[in-house]
Asker: 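Just dropping this structure here.
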Amino acid sequence: MAGDADGAERMRSLASVRRAREREREKRKGGVQEQARIAREVVIPDVITVGELANRMATRGVEVIKFLMRQGVMLKINDVIDNDTAELVATEFGHTVKRVSEADVEEGFIGAEDIDDHLEPRPPVVTVMGHVDHGKTSLLDALRSTDVVAGEHGGITQHIGAYQVRLENGQAVTFLDTPGHAAFSAMRMRGANVTDIVVLVVAADDGVMPQTVEAINHARSAGAPIIVAINKIDKPGADPTRVINELLQHEIVVESLGGDTQAIEVSATQKLGLDDLIEAILLQAEVLDLKANPDRTADGVVIEAKLDRGRGAVSTVLVKRGTLKRGDIVVAGDTFGRVRALLNERGEQLDSAGPSVPVEVLGLDGTPAPGEPFAVVENEARARELTAYRVRVKREKSGSPVAGASLADMMARLADKKVSELPLVIKADVQGSAEAIVGSLDKLATDEVRARIILSGAGAISESDVMLAKGAGSPIIGFNVRASKQAQALAEREGVEIRYYAIIYDLIDDIKGVLSGMLAPIQRETFLGNAEVLQVFDITKVGRVAGCRVTEGVVRKGARVRIIRQDVVVLELGTLQTLKRFKDEVNEVNAGQECGMHFGFQDIKVGDTIECFTLEEVKRSL
Ligand code: GDP
Ligand code: MG
């Protein structure tokens with residue numbers, strides 16, 4: 001729908017520009033001559049800001065703005081115009097145009113490979129994975145305390161999705177502090193992609209469990225070496241040998257068995273073996289020879305992003321290479337902004353952040369998705385160009401698919417009609433939660449019912465969310481967020497339901513219930529009896545009445561009937577409206593007895609069999 005509006009707008013402005021161009025030509029014929037210009041070849045991408053277009057034409061921005069204004073298009077220097085409009089402007093200014101394709105805009109976003117002689121060692125980035133309750137959170141908490149700077153500076157106080165532990169020898173280790181919940185596996189998977197090393201936590205009293213295996217697969221697919229942390233060795237039932245043997249079945253051979261995977265016995269709660277674990281990480285890092293060039297424009301990956309009431313959009317990013325500085329212009333996904341502040345996990349303001357350093361970035365104009373690459377770009381025009389392009393691509397992707405013309409397409413569409421969809425607007429505290437919720441809801445989808453996500457994102461529920469939900473006839477799900485006062489009032493006025501949740505399972509359960517309710521119930525048929533038509537009467541005002549004998553079972557008033565003629569069903573699913581014995585209305589007639597029947601249909605003949613049955617609706621659940 002947004003796409004349509006946009007299209008219409010584009011056409012309108014295009015048409016008006018075209019008309020105006022004609023007018024301009026007419027005028028010029030009358031003698032008004034533009035001042036001579038040097039003709040250039042202007043490269044025009046799909047979207048371009050007015051300023052950048054002026055730049056490329058070697059004209060002042062105001063000239064272009066004035067020109068557009070004369071065509072009745074009011075735009076500012078940083079507004080984005082599409083390529084058609086840009087081309088008209090450029091040709092009007094006497095230049096030739098070279099259009100470049102859509103994706104060219106993306107070119108150079110992440111810069112070229114680092115050159116070898118600029119590389120410097122960087123800290124390893126570590127993700128802790130493992131089965132639920134094996135102690136991931138506890139271990140991440142315990143590792144924080146190994147930070148030597150903690151004592152002097154108050155330690156790690158903020159949860160920013162990642163933290164760096166600094167060691168006595170000046171080295172550092174970066175830990176991704178991603179949630180270990182099963183529903184977050186989507187994010188965790190991305191976590192593995194920025195991860196150099198995976199610490200696989202296995203509880204010594206529990207051994208290898210399903211999510212342990214899942215974590216092993218994640219690590220493998222990310223090409224990250226594994227260090228096994230055999231946790232909870234303080235417990236009486238701890239059996240590290242069992243863990244080692246079980247890992248063998250998943251082709252993880254630890255050093256003590258002649259393999260090359262380090263296994264360290266730890267206790268997160270008793271803080272045992274933590275130094276050994278750090279040691280193992282540093283050793284593994286040395287083997288990996290991790291290096292990056294700090295002296296270049298920064299790029300990296302978004303770890304998480306949230307909307308903060310006081311501070312606006314706050315994104316935690318991990319710098320992969322280069323150095324991110326305050327004042328840099330950063331693009332992440334379809335968001336961008338000038339870096340207003342950089343904060344570390346201790347809440348300290350930084351001027352810059354180098355390779356492997358996780359920092360909170362303030363100043364982006366939205367919350368990019370976790371896992372989204374970010375990069376510093378040369379100027380705001382470039383940032384706008386990139387993000388405008390990405391917004392468009394995203395919109396096109398999420399918009400209704402272009403109607404296909406093939407039979408397969410048509411059948412798919414027809415089949416689609418049978419699907420009942422539950423539209424939902426989902427707002428969560430952090431983008432990662434929103435994604436996890438959407439991921440879990442996707443898993444509930446069947447051939448018949450599914451949730452259709454109108455919007456999912458991080459931040460409080462706004463008035464525009466309510467409007468959107470109203471338009472789609474959808475309720476709004478708030479996960480650890482609330483609606484603003486205005487949004488609340490609007491929702492009440494418009495009758496849009498807002499449901500709040502704090503626990504993801506509750507949310508999923510509820511939606512599951514709703515989707516189950518949307519499953520069309522199965523109709524179960526129960527045979528009641530047969531009657532044979534002996535005579536047919538036409539009775540004025542009533543219609544055809546059949547005189548019958550019940551041959552089998554029972555016939556019941558209000559029950560369903562179908563007419564069978566020579567063993568073929570000729571009429572289906574009327575109801576038995578009138579049932580009489582002699583002159584009296586009765587509710588049922590048993591086998592062997594005669595009766596008069598009247599139903600919703602007229603085509604009835606002597607010798608027909610009337611089958612009488614009930615239909616029962618049986619509810620189904622997912
Ligand atoms: P997660 O689900 O993997 O994040 O696991 P948690 O860190 O939440 O730990 C699950 C439970 O195990 C908690 O009750 C912890 O206190 C406990 N736990 C974690 N590590 C240890 C340990 O080293 N020893 C003992 N005895 N308990 C532990
Ligand atoms: Mg946990």
Side-chain angles (χ1 to χ4, degrees), residues 1-2 161 178-179 181-190 302-309 313-315 333-335 366-372 391 394-395 397-400 419-446 449-488 490-492 494-518 622:
M1 100 214 120
T178 49
H181 197 290
F184 287 80
S185 66
M187 207 167 110
R188 199 173 55 184
M189 212 161 87
R190 287 211 197 95
V302 175
I303 305 298
E304 63 178 35
K306 60 179 186 232
L307 271 182
D308 188 290
R309 208 170 267 283
V314 180
S315 318
D334 57 10
T335 69
T367 52
E372 198 82 68
V391 167
K394 195 159 134 186
R395 198 190 286 151
K397 268 193 197 152
S398 65
S400 52
V419 178
S420 304
E421 288 183 330
L422 172 66
L424 287 176
V425 169
I426 293 168
K427 293 302 285 282
D429 49 350
V430 293
Q431 187 69 27
S433 309
E435 288 191 5
I437 291 164
V438 171
S440 304
L441 290 175
D442 279 349
K443 288 204 193 109
L444 293 180
T446 70
V449 291
R450 65 167 169 238
R452 184 161 60 91
I453 311 302
I454 308 294
L455 172 108
S456 74
I461 297 163
S462 67
E463 282 170 286
S464 87
D465 295 334
V466 176
M467 304 288 266
L468 190 67
K470 168 80 179 171
S474 118
I476 299 175
I477 305 293
F479 181 73
N480 285 333
V481 293
R482 293 290 175 265
S484 69
K485 253 208 179 76
Q486 297 90 322
Q488 186 72 45
L490 184 65
E492 274 162 30
E494 298 290 339
V496 172
E497 185 189 5
I498 302 180
R499 286 195 189 195
Y500 296 120
Y501 294 91
I503 295 169
I504 198 164
Y505 284 142
D506 289 349
L507 189 165
I508 303 300
D509 259 11
D510 271 12
I511 301 300
K512 195 167 166 178
V514 176
L515 288 174
S516 294
M518 284 163 53
L622 283 179

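These numbers come from the heavy atoms of this one structure, side chains and all, not from hydrogens, waters or symmetry mates.
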Asker: Out of curiosity, Glu372 CD to Asp334 CG, how far, rounded to the nearest 0.5 Å?
Answerer: 7.0 Å
Asker: What is the minimum heavy-atom distance between Ala460 and Val481, and which atoms define it?
Answerer: CA-CB, 4.3 Å
Asker: Between Gly366 and Ser315, which heavy-atom pair has the shortest distance, and what is it?
Answerer: O-OG, 4.3 Å
Asker: With sequence neighbours excluded, what pairs up with Leu515 under the side chain to side chain contact (heavy atoms under 4.5 Å, CB included) test?
Answerer: Leu422, Leu444, Val449, Ile511, Met518, Leu622
Asker: Quick one: do Ile426 and Leu441 satisfy side-chain contact (heavy atoms from CB on, under 4.5 Å)? Show the steps, please.
Answerer: CA-CA 11 Å; Ile426 293 168; Leu441 290 175; 3.5 Å; yes
Asker: Any heavy-atom pair between the side chains of Pro475 and Ile498 that's under 4.5 Å?
Answerer: no
Asker: Between Asp510 and Ile477, is any pair of side-chain heavy atoms under 4.5 Å apart?
Answerer: no
Asker: Can you list the residues that meet the salt bridge (Lys or Arg N to Asp or Glu O under 4.0 Å) rule with Glu494, with sequence neighbours excluded?
Answerer: Lys470
Asker: I need the minimum non-hydrogen distance between Ala436 and Ile504, along with the two atoms involved.
Answerer: CB-CD1, 4.2 Å
Asker: Looking at every non-hydrogen atom in both residues, tell me the closest pair between Ile454 and Pro423 and how far apart they are.
Answerer: CD1-CB, 3.9 Å
Asker: Who are the side-chain hydrogen bond (donor to acceptor under 3.5 Å, both in side chains) partners of Arg452, not counting sequence neighbours?
Answerer: Glu421
Asker: If you take all heavy atoms of Ala369 and Gln431, which pair is closest and at what distance?
Answerer: CA-CG, 3.6 Å
Asker: Not counting sequence neighbours, which residues clear salt bridge (Lys or Arg N to Asp or Glu O under 4.0 Å) with Glu463? List them please.
Answerer: none
Asker: So which atom in Ala458 and which in Val430 form the shortest heavy-atom distance, rounded to 0.1 Å?
Answerer: CB-C, 3.8 Å
Asker: Which pairs pass salt bridge (Lys or Arg N to Asp or Glu O under 4.0 Å) with one or both residues in residues 423-433, sequence neighbours excluded?
Answerer: Lys427-Asp465
Asker: Just to verify, what does Glu497 make a side-chain hydrogen bond (donor to acceptor under 3.5 Å, both in side chains) with, not counting sequence neighbours?
Answerer: Arg499
Asker: Rounded to the nearest 0.5 Å, what's the gap from CG on Asp442 to CD1 on Ile453? Could you check?
Answerer: 6.5 Å
Asker: Within a strict 4.5 Å, meaning less than it, do heavy atoms of the Tyr501 and Asp509 side chains meet?
Answerer: no
Asker: Given the rule in the side-chain contact (heavy atoms from CB on, under 4.5 Å) test, do Thr367 and Thr335 qualify, once you have shown the distances and angles that lead to the verdict?
Answerer: CA-CA 7 Å; Thr367 52; Thr335 69; 6.0 Å; no
